[in-house]
Protein chains: 4
Amino acid sequence: MATQPTPDASRRSEKSRRAIYDAALALVGEVGYPRTTIEGIAARAGVGKQTIYRWWSSKADVLLEAFLDLSEQASRDAGPEYEFAIPDTGDLATDLKAVLRLTVDQLKDPRFEIPSRALAAEGVVNEQLGRVFMTKLLEPSLLLYVDRVRAAQAAGQVRQEVDPRIALELWVSPLAQRWLQYTGPISYEYTDTLVDYALHGIAPR
Amino acid sequence: MATQPTPDASRRSEKSRRAIYDAALALVGEVGYPRTTIEGIAARAGVGKQTIYRWWSSKADVLLEAFLDLSEQASRDAGPEYEFAIPDTGDLATDLKAVLRLTVDQLKDPRFEIPSRALAAEGVVNEQLGRVFMTKLLEPSLLLYVDRVRAAQAAGQVRQEVDPRIALELWVSPLAQRWLQYTGPISYEYTDTLVDYALHGIAPR
Amino acid sequence: MATQPTPDASRRSEKSRRAIYDAALALVGEVGYPRTTIEGIAARAGVGKQTIYRWWSSKADVLLEAFLDLSEQASRDAGPEYEFAIPDTGDLATDLKAVLRLTVDQLKDPRFEIPSRALAAEGVVNEQLGRVFMTKLLEPSLLLYVDRVRAAQAAGQVRQEVDPRIALELWVSPLAQRWLQYTGPISYEYTDTLVDYALHGIAPR
Amino acid sequence: MATQPTPDASRRSEKSRRAIYDAALALVGEVGYPRTTIEGIAARAGVGKQTIYRWWSSKADVLLEAFLDLSEQASRDAGPEYEFAIPDTGDLATDLKAVLRLTVDQLKDPRFEIPSRALAAEGVVNEQLGRVFMTKLLEPSLLLYVDRVRAAQAAGQVRQEVDPRIALELWVSPLAQRWLQYTGPISYEYTDTLVDYALHGIAPR
DNA sequence: TCATAAGCGAGACGGTACGTCTTGTCTTGGG
DNA sequence: CCCAAGACAAGACGTACCGTCTCGCTTATGA
């Protein structure tokens with residue numbers, strides 16, 4: 001993410017950065033990722049192209065940071081500890097279903113959908129970006145599930161030998177794939193079902 | 001005088017089509033999807049650009065057909081009914097683990113990996129292509145799982161009320177996501193674990 | 001003047017060439033040579049930039065050909081043998097003065113002045129262009145003087161041992177320098193004087 | 001807060017000025033005028049760009065002063081009254097031929113040739129610069145010729161009614177044009193011939 | 001049998017965007 | 001308050017591809 005001869009970050013224009021984030025997100029939302037261009041972002045942000053090339057290495061990179069910034073902002077707006085924690089009512093199924101319903105809502109919020117879909121797509125084909133996308137955006141959310149599953153193990157609601165990192169994929173991945181690859185519709189009923197199958201399996205009990 | 005709308009398919013050059021498929025797959029493998037261009041495919045195939053534009057609507061479209069063709073070829077080579085059927089030994093867990101191990105191998109075969117990753121990525125961002133990709137490439141494989149799960153239901157190995165279309169996502173989606181989004185390593189042990197969790201859940205039995 | 005991989009001249013668009021010539025001359029006239037850009041020419045001509053880069057190697061090259069074309073056109077318009085011939089009334093002084101007066105008029109015609117000044121300037125600093133400019137534009141006119149001086153030698157009006165190629169510089173170069181380098185005003189009186197000095201010298205007769 | 005309009009010349013860094021002159025002349029010599037950039041001069045001189053923009057208005061302006069400085073230096077080095085005076089042996093032809101031979105040598109000295117050619121070219125197209133170039137560099141030399149011709153008139157070697165300012169163009173301009181526009185080779189023999197033609201004309205005596 | 005109309009290779013065309021370079025202005029921190 | 005350093009908005013550079021458009025050249029009927 002470093003550029004050619006190491007520009008001096010302390011002199012960086014905060015105003016330009018903000019304008020670039022805003023322009024990038026707006027354009028992706030309006031015309032889609034492929035038709036969003038660096039020239040377009042620069043023009044919309046009222047910024048020279050070089051200012052973009054100085055601080056980012058690619059369109060994907062700009063958008064990734066813009067989206068990261070958007071997420072952080074949303075977190076801050078939502079209040080300190082409140083959001084992005086998984087509730088622990090004592091009943092794992094109930095808690096997972098609740099969180100997944102929120103996730104369904106968020107996946108359908110166009111404010112997030114278009115840029116995150118664009119980034120996910122780019123990450124599929126561009127491994128470097130994919131890994132950053134995973135690390136910075138996905139991983140933190142997944143860790144919350146790991147914690148919740150561990151708590152459930154302590155409470156005797158999940159078997160001790162279960163690997164939480166794999167367990168969470170039983171509900172996260174199906175939802176992710178339906179969303180990303182249009183392999184099926186997304187609904188509260190669907191996520192509820194996923195949680196049930198994940199907890200109890202499909203075999204006769 | 002209408003040129004584009006109705007090219008006469010009966011006069012189509014089979015040689016050019018083959019050359020285009022080969023060039024497209026070769027280029028995607030060598031330089032990656034984004035740096036594969038229609039001009040490049042045409043030049044490599046020794047074909048005029050118009051010959052590509054006459055028969056396909058986009059780079060993604062060319063690559064999709066090329067990949068479809070490659071898959072069919074592979075099927076034919078592998079023998080008539082042999083491949084792509086899920087075995088039915090009577091034990092669902094055993095059968096699924098076996099098939100998933102084959103899938104793991106195939107995902108790591110570069111012959112398939114690069115083009116299918118490229119198509120999957122494009123499909124994420126381009127809904128129309130995504131749906132074709134889903135319908136033509138994914139769906140047929142998924143249906144095999146549906147059939148196998150139905151058989152298992154008939155044999156009393158899976159609960160009657162389970163929706164096979166959702167059940168299969170318990171093992172297919174986690175694997176797909178790890179592969180597509182680099183969210184974790186892929187191994188036989190991992191897929192075996194997925195099958196176990198899917199069948200019996202993570203809750204105490 | 002050849003471009004990268006030898007474009008096929010027979011397929012060249014005459015319309016585009018004309019449009020480029022017109023746009024180039026117009027722009028040089030309106031904003032001057034340094035602020036005339038290839039992008040500007042392309043935009044004004046309604047032409048892709050590549051069409052310019054395909055056929056010309058530089059802005060100077062475009063303008064040179066445009067100006068050459070303009071000159072040829074002017075010649076054709078003026079009638080076959082009529083223009084650009086030096087009259088031969090039998091009196092060298094009279095003939096030279098008449099031609100130089102026409103030259104003075106032409107140097108002051110803005111239609112010619114701006115582009116030819118621009119080309120001359122570029123030719124000063126760019127030897128390759130300078131030589132083409134000399135060969136294609138200046139030389140033909142100078143040869144007319146050579147012929148006229150030779151005729152005068154035959155008529156006994158100029159000494160036999162005089163080199164016509166040098167002689168003509170006695171009136172052409174002073175005029176050229178005043179025009180190019182603003183070293184002095186240009187008038188009929190001035191050119192008349194030049195002819196007198198050139199014929200009879202400045203020493204007492 | 002007015003920065004540009006009135007820089008305080010008394011605080012000007014002499015070291016920077018010298019470094020800029022040296023860098024400018026060196027770059028023009030090495031890569032030619034068009035590829036000499038203000039950024040390049042600043043970098044080479046170890047100077048901020050603003051230091052150039054503060055004191056000069058353009059690349060041409062920098063180079064003009066640098067060249068002027070170089071000429072003055074050369075004058076000083078050559079001794080007080082010695083150089084740049086036209087000898088007066090009593091014979092105008094002899095004196096002019098001698099001076100022109102020195103001029104020929106100087107025109108071929110690369111130390112002077114590249115920058116002065118660059119300045120001359122810029123002056124052709126940029127009238128303001130052209131006039132400064134004329135006034136500061138050309139005029140002083142031409143005045144020497146005016147003086148010498150006047151002396152010759154007093155001595156009866158040149159006709160009284162001859163305008164010295166025009167007379168000198170008979171030998172200066174042809175030489176200048178051959179040099180600037182590559183219209184012919186430059187040699188001692190050539191300049192000698194020019195002097196002869198200028199003094200006695202080309203008509204039979 | 002032979003014109004005739006299609007597909008084809010080639011590649012010029014009008015465009016758009018790329019990533020780089022330079023301009024002239026502005027800002028920061030050091031002396 | 002000059003200076004070195006360099007970020008900034010602006011915009012031209014020359015290149016790469018896009019998708020459309022002609023050009024001649026097979027080639028394969030169908031009149």
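These numbers come from a predicted model, not from an experiment. By convention in this document, chain letters (A, B, ...) are assigned in the order of the sequence lines, proteins followed by strands, and residues within each chain are numbered from 1.
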> So how far is it from I114(B) CD1 to L25(B) CG, rounded to the nearest 0.5 Å?
Replying inline: 11.0 Å
> Considering residues, nucleotides and ligands other than Q128(B), do more than 12 of their heavy atoms fall under 6.0 Å from its CD?
Replying inline: no
>> What is the distance, to the nearest angstrom, from the CD1 atom on I52(A) to the P atom on dA10(F)?
In response: 12 Å
> Would a distance-only check, ignoring hydrogens and angles, find a side-chain to backbone donor-acceptor pair under 3.5 Å from T51(C) to V47(C)?
Replying inline: no
> Between dA5(F), dA6(E), dG14(E), which one does the side chain of T51(C) approach most closely?
Replying inline: dG14(E)
> For the side chain of R54(A), counting heavy atoms from C-beta on, which of dA12(E), dA17(E), dC8(F) is nearest?
Replying inline: dC8(F)
> When rounded to the nearest 0.5 angstrom, what distance separates CH2 in W55(A) from CD1 in I20(A)?
Replying inline: 10.5 Å
> Whole Å only: how far is the OH atom of Y53(B) from the P atom of dC8(E)?
Replying inline: 16 Å
> Atom CZ in F133(D), atom OH in Y182(C): separation rounded to 0.5 Å?
Replying inline: 13.0 Å
>> Tell me the interatomic distance from D8(C), atom CG, to dG9(E), atom C1', rounded to whole angstroms.
In response: 13 Å
> Over its full length, what angle do the end axes of the helix from dT1(E)-dA31(F) to dG31(E)-dC1(F) make, each axis taken from five pairs and the result rounded to 10 degrees?
Replying inline: 10°
> What do you reckon, is CZ of R111(B) surrounded by more than 12 foreign heavy atoms closer than 6.0 Å?
Replying inline: no
> Could you give the CH2-to-P distance, from W56(C) to dT15(F), as a whole number of Å?
Replying inline: 16 Å
> What is the distance from CD1 of I20(D) to P of dC3(F), rounded to the nearest Å?
Replying inline: 8 Å
>> Here's one to test your reading of the geometry: is the NZ or CZ of K59(C) within 45 degrees of the ring axis of Y33(C) and under 6.0 Å from its centre?
In response: yes
>> What's the closest nucleotide to the side chain of R12(D) if the choices are dA7(F), dG14(F), dC3(F)?
In response: dC3(F)
>> Starting the side chain at C-beta, find the nucleotide from dA12(E), dA10(F), dG14(F) nearest to Q50(A).
In response: dA10(F)
> To the nearest 0.5 Å, what is the distance between CG (D22(D)) and CD1 (I41(D))?
Replying inline: 11.5 Å
> Counting only distance, no hydrogens or angles, is the base of dG9(E) paired donor-acceptor with the side chain of K49(B) under 3.5 Å?
Replying inline: no
>> If you take any heavy atom closer than 4.0 Å to DNA chain E, which residues from residues 25-47 of chain B end up in contact?
In response: G46(B), V47(B)
> Within this structure, what is the NZ-to-P distance between K59(B) and dC17(F), rounded to whole angstrom?
Replying inline: 10 Å
> Which distance, rounded to the nearest 0.5 Å, do you find between the CG of L137(B) and the CD of Q181(A)?
Replying inline: 11.0 Å
> Is the NZ or CZ atom of R12(D) positioned over W56(D)'s six-membered ring, under 6.0 angstrom from the centre and within 45° of the axis?
Replying inline: yes
> If you measure from OG1 on T36(D) to CZ on R44(D), what distance do you get to the nearest 0.5 Å?
Replying inline: 9.5 Å
> Base, sugar-phosphate alone, or nothing: which one does W55(D) contact when heavy atoms must sit under 4.0 Å apart?
Replying inline: sugar-phosphate
>> Rounding to an integer number of Å, can you tell me how far E14(B) CD sits from dA28(F) C1'?
In response: 17 Å
For nucleotides 28-31 of chain E, print each protein N/O atom paired with a nucleotide N/O atom at under 3.5 Å, atom names and distance only.
unit_1, atom_1, unit_2, atom_2, d
dT28(E), O4', R11(A), NH1, 2.7
dT28(E), O2, R11(A), NH2, 3.0

> So, the side chain of S116(A) versus the backbone of F112(A): is there a donor-acceptor pair under 3.5 Å, distance only?
Replying inline: yes
